Amino acid sequence: MKVNSGFQHQENPTNDRSFIKATGGGAYKFSDLFKEKLGISLEKEDEMDCLVTGANFLLKAVNHEAFTYLNGQKEFVQIDHNDLYPYLLVNIGSGVGMVKVDGDGKFERVSGTSVGGGTFWGLGKLLTKCQSFDELLELSHRGNNRVVDMLVGDIYGGMDYSKIGLSSTAIASSFGRAISNNNELDDYKPEDVSRSLLRMISNNIGQISYLNALRFGLKRIFFGGFFIRGQSYTMDTISVAVHFWSKGEAKAMFLRHEGFLGALGAFMSYERHSLDDLMINQSVQIPVDASCGTDTNYNPLERDLNETESMQCRVYQA
Ligand SMILES: Nc1ncnc2c1ncn2[C@@H]1O[C@H](COP(=O)(O)OP(=O)(O)OP(=O)(O)O)[C@@H](O)[C@H]1O
Ligand SMILES: CC(C)(CO)[C@@H](O)C(=O)NCCC(=O)O
C-alpha cells in the first residue's frame with residue numbers, strides 16, 4: 001500500500017473522521033484495520049492512476065528526476081516537457097506492471113509479469129535462508145553468478161557464438177549450472193545464488209519491457225517501483241538487457257523517487273482546493289533519500305544536489 005504524506009480532516013457524508021488517501025492493494029486490505037485502530041478512513045485511489053500521475057508529476061516538476069545507468073555511470077536525462085509522451089512506465093513492485101503513458105490521465109496497462117520483486121525476495125529467501133530483503137541484496141553484492149549460471153562459453157567450449165551475437169560470457173541459461181555435478185543447494189554459496197537470481201529477474205524484466213516498447217514504438221522506458229531502490233547492480237542489469245535486446249536503440253531510464261510514484265499520485269488526487277494550498281509560491285518537500293536502502297554506492301543526489309533531507313520542487317497549477 002502506498003499512502004501519501006497529507007492528512008486531512010474533512011466533513012464526510014458518513015462520518016467526521018480523518019482520512020488519508022491510499023492506493024494499491026493495501027488500501028483495500030488494511031482499510032478496516034486503519035479505521036479500527038487509528039480511526040482513520042482510507043480513501044482509495046486507483047493504483048495505475050496514481051502511478052502515472054506520480055510519474056508524470058516527477059518527470060515534469062523535478063529537475064534531474066530521470067537518469068540512465070550503464071557501466072556504473074549515472075547520467076541525468078533532460079526531459080523535454082513537450083516531448084515526454086508516449087513512454088513506457090515499468091513499475092517493479094512485488095509484480096511488474098507495464099503502462100503505456102500518452103499524457104496526463106491518458107494511459108493503458110499494456111503488459112505485466114508476475115516475475116518481479118516479490119519473486120526475488122520470495123525465492124531468494126527460500127534458497128538462501130536469509131532473513132531480510134536487505135540481507136539478500138547484500139549477499140548479491142558479494143556473489144558471482146557465473147558459478148550458478150550456464151554461460152554460452154560453458155556450452156561452446158569457451159568460445160563466443162558470434163554468428164548470433166552472443167559472447168562466451170553471456171548467460172545461456174540462468175541457474176543452468178546447477179544441473180551438473182549432482183550438486184545440492186548447499187554446494188552453492190548464498191551470495192552466488194542471490195546474484196544469479198537478481199540477474200535473472202532484472203534481465204527478464206528488461207527484456208519484456210523492451211519488447212513492449214517495441215510493440216508500441218515507444219522510445220523511452222522509465223523504470224520505477226521499490227524493487228530497484230537505486231541498486232547499481234539491478235539498474236545495470238536492466239540497462240544491459242534493454243541495450244542488448246534493442247541493439248543499442250533504446251535506453252532504460254530510472255527515477256530517483258522510484259518507490260514513491262503511487263504515494264505521490266495519491267497525494268496529487270486530493271481535491272482541488274486542498275492541492276491549491278500547496279500551489280503558488282509554496283513548495284512540496286519530497287524525501288530524496290528514503291529509498292536508498294543498503295546500497296552504499298547509491299546516492300540519488302550525486303552530481304545534482306547537496307546532501308539534504310529533502311528537496312524542494314514547485315507545484316504548478318495546470
Ligand atoms: N526492505 C524491503 N523489504 C521487502 N521488500 C523490499 C524491501 N526493499 C525493497 N523491496 C522490494 O520491493 C518489492 C515491493 O515493491 P513495492 O512496494 O513497490 O510493490 P508492492 O506495492 O508491494 O507490489 P505491487 O506493485 O506488485 O502491488 C518487494 O517485493 C522487494 O523486491
Ligand atoms: C497485481 C498488481 C497490479 C498489484 O500491484 C501487480 O502486482 C502486478 O502488476 N503484477 C503482475 C501481474 C501480471 O500482469 O502478470
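Computed from a predicted model, the values in this text were never measured in an experiment.
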- Would a distance-only check, ignoring hydrogens and angles, find a side-chain to backbone donor-acceptor pair under 3.5 Å from E65 to K60? no
- Query: Do any N or O atoms from the side chain of N144 and from the backbone of R146 form a donor-acceptor pair under 3.5 angstrom?
  - Reply: yes
- Message: Test side-chain contact (heavy atoms from CB on, under 4.5 Å) on L58 and L261; report intermediate values, then the result.
- Response: CA-CA 8 Å; L58 287 168; L261 307 185; 3.4 Å; yes
- Item | Which atom of Y210 lies closest to which atom of S246, heavy atoms considered | CE1-CB, 3.1 Å
- Atom pair CZ/CZ of F227 and F133 - distance to nearest 0.5 Å: 6.0 Å
- Which atom names give the shortest non-hydrogen contact between A241 and G206, and what distance separates them? CB-CA, 4.0 Å
- Query: Any idea which heavy atoms bring S209 and M98 closest together, and the distance?
  - Reply: OG-CE, 3.7 Å
- Report yes if some heavy atom in the side chain of L59 is under 4.5 Å from a heavy atom in the side chain of Y87; otherwise report no. yes
- Item | Nearest atoms (heavy-atom pairs only) where L255 meets A66 | CD2-CB, 4.1 Å
- Below 4.5 Å, heavy atoms only, C-beta onward: do Q231 and I238 meet side chain to side chain? no
- Message: Count I, L, V, M, F, W, Y as connected when their side-chain heavy atoms are under 4.5 Å apart, and connections chain through other members. Are L89 and L84 then in the same cluster?
- Response: yes
- Report yes if the side chains of S232 and Y69 come closer than 4.5 Å at any heavy-atom pair, otherwise no. yes
- Message: Keeping D149 on the side-chain end and F175 on the backbone end, is there a donor-acceptor pair under 3.5 Å?
- Response: yes
- Message: Are the side chains of I92 and I228 in contact, using a 4.5 Å heavy-atom criterion?
- Response: yes
- Message: Could you go through L197 and M200, starting from their C-alpha distance and side-chain angles, then the distance that decides it, and tell me whether this counts as side-chain contact (heavy atoms from CB on, under 4.5 Å)?
- Response: CA-CA 5 Å; L197 189 59; M200 180 180 84; 3.9 Å; yes
- Report the distance from atom OH of Y156 to atom CG of L151, rounding to the nearest 0.5 Å. 14.0 Å
- Cluster overlap I171 with F120, hydrophobic side-chain contacts below 4.5 Å: no
- Message: Does the structure place the NZ or CZ of R109 under 6.0 Å from the centre of the six-membered ring of F107, at an angle of no more than 45° from the ring's axis?
- Response: no
- Report yes or no: does S194 contribute a side-chain atom to a donor-acceptor pair with the main-chain N or O of L136 at less than 3.5 Å? yes
- Under 3.5 Å donor-acceptor, T128 side chain and G124 backbone: yes
- Query: Do F223 and E258 have side-chain heavy atoms sitting under 4.5 Å apart?
  - Reply: no
- Answer yes or no: is there a donor N or O on one side and an acceptor on the other, between the side chain of S196 and the main chain of V193, under 3.5 Å? no
- Message: Around atom CG of D187, are there more than 12 heavy atoms from other residues, nucleotides or ligands closer than 6.0 Å?
- Response: yes
- For residues 192-206, which residue pairs qualify under salt bridge (charged side-chain N to carboxylate O under 4.0 Å, His left out), counting only residues two or more places apart or in two chains? none
- L123 with V148, same ILVMFWY side-chain cluster at under 4.5 Å: yes
- When rounded to the nearest 0.5 angstrom, what distance separates OG1 in T53 from CG in L264? 9.0 Å
- Any donor and acceptor pair, going by atom type alone, linking the side chain of N212 with main-chain N or O of I208 inside 3.5 Å? yes
- Message: Going by ring-ring contact (aromatic ring centres under 6.0 Å, His included), name the residues that satisfy it together with F244, two or more places apart in sequence or in a different chain.
- Response: none
- Query: Would a 4.5 Å heavy-atom cut-off, applied to side chains only, mark V152 and D160 as touching?
  - Reply: no
- Message: For the backbone of L42 and the side chain of S31, can you confirm whether one donor and one acceptor N or O come within less than 3.5 Å of each other?
- Response: no
- Message: Nearest 0.5 angstrom please: S41 OG to K35 NZ, how far?
- Response: 4.0 Å
- Query: Linking I/L/V/M/F/W/Y whenever any side-chain heavy atoms sit under 4.5 Å apart, do V242 and W245 land together?
  - Reply: no
- Distance, nearest 0.5 Å, that separates CG of N56 from OH of Y85: 3.5 Å
- Message: Can you give me the closest heavy-atom contact between F76 and R256, atom names plus distance?
- Response: CE2-CD, 3.9 Å
- Residue pair H64, V77: steps toward the side-chain contact (heavy atoms from CB on, under 4.5 Å) verdict: CA-CA 7 Å; H64 289 175; V77 179; over 6 Å; no
- Could you tell me which residues satisfy side-chain contact (heavy atoms from CB on, under 4.5 Å) with K100, sequence neighbours excluded, listed by chain and number? D102, V110, F216, L218
- Item | Connected via hydrophobic side-chain network under 4.5 Å: M159 and I155 | yes
- Heavy-atom donor-acceptor pair, D46 side chain to M48 backbone, under 3.5 Å: yes
- 4.5 Å side-chain heavy-atom contact, S202 and Y233: no
- Atom NZ in K129, atom CG in L185: separation rounded to 0.5 Å? 6.0 Å
- Item | C130 to K125 - nearest heavy-atom pair and separation | O-CG, 3.5 Å
- Compare all side-chain heavy atoms of E249 with those of H243 and state whether any distance is below 4.5 angstrom. no
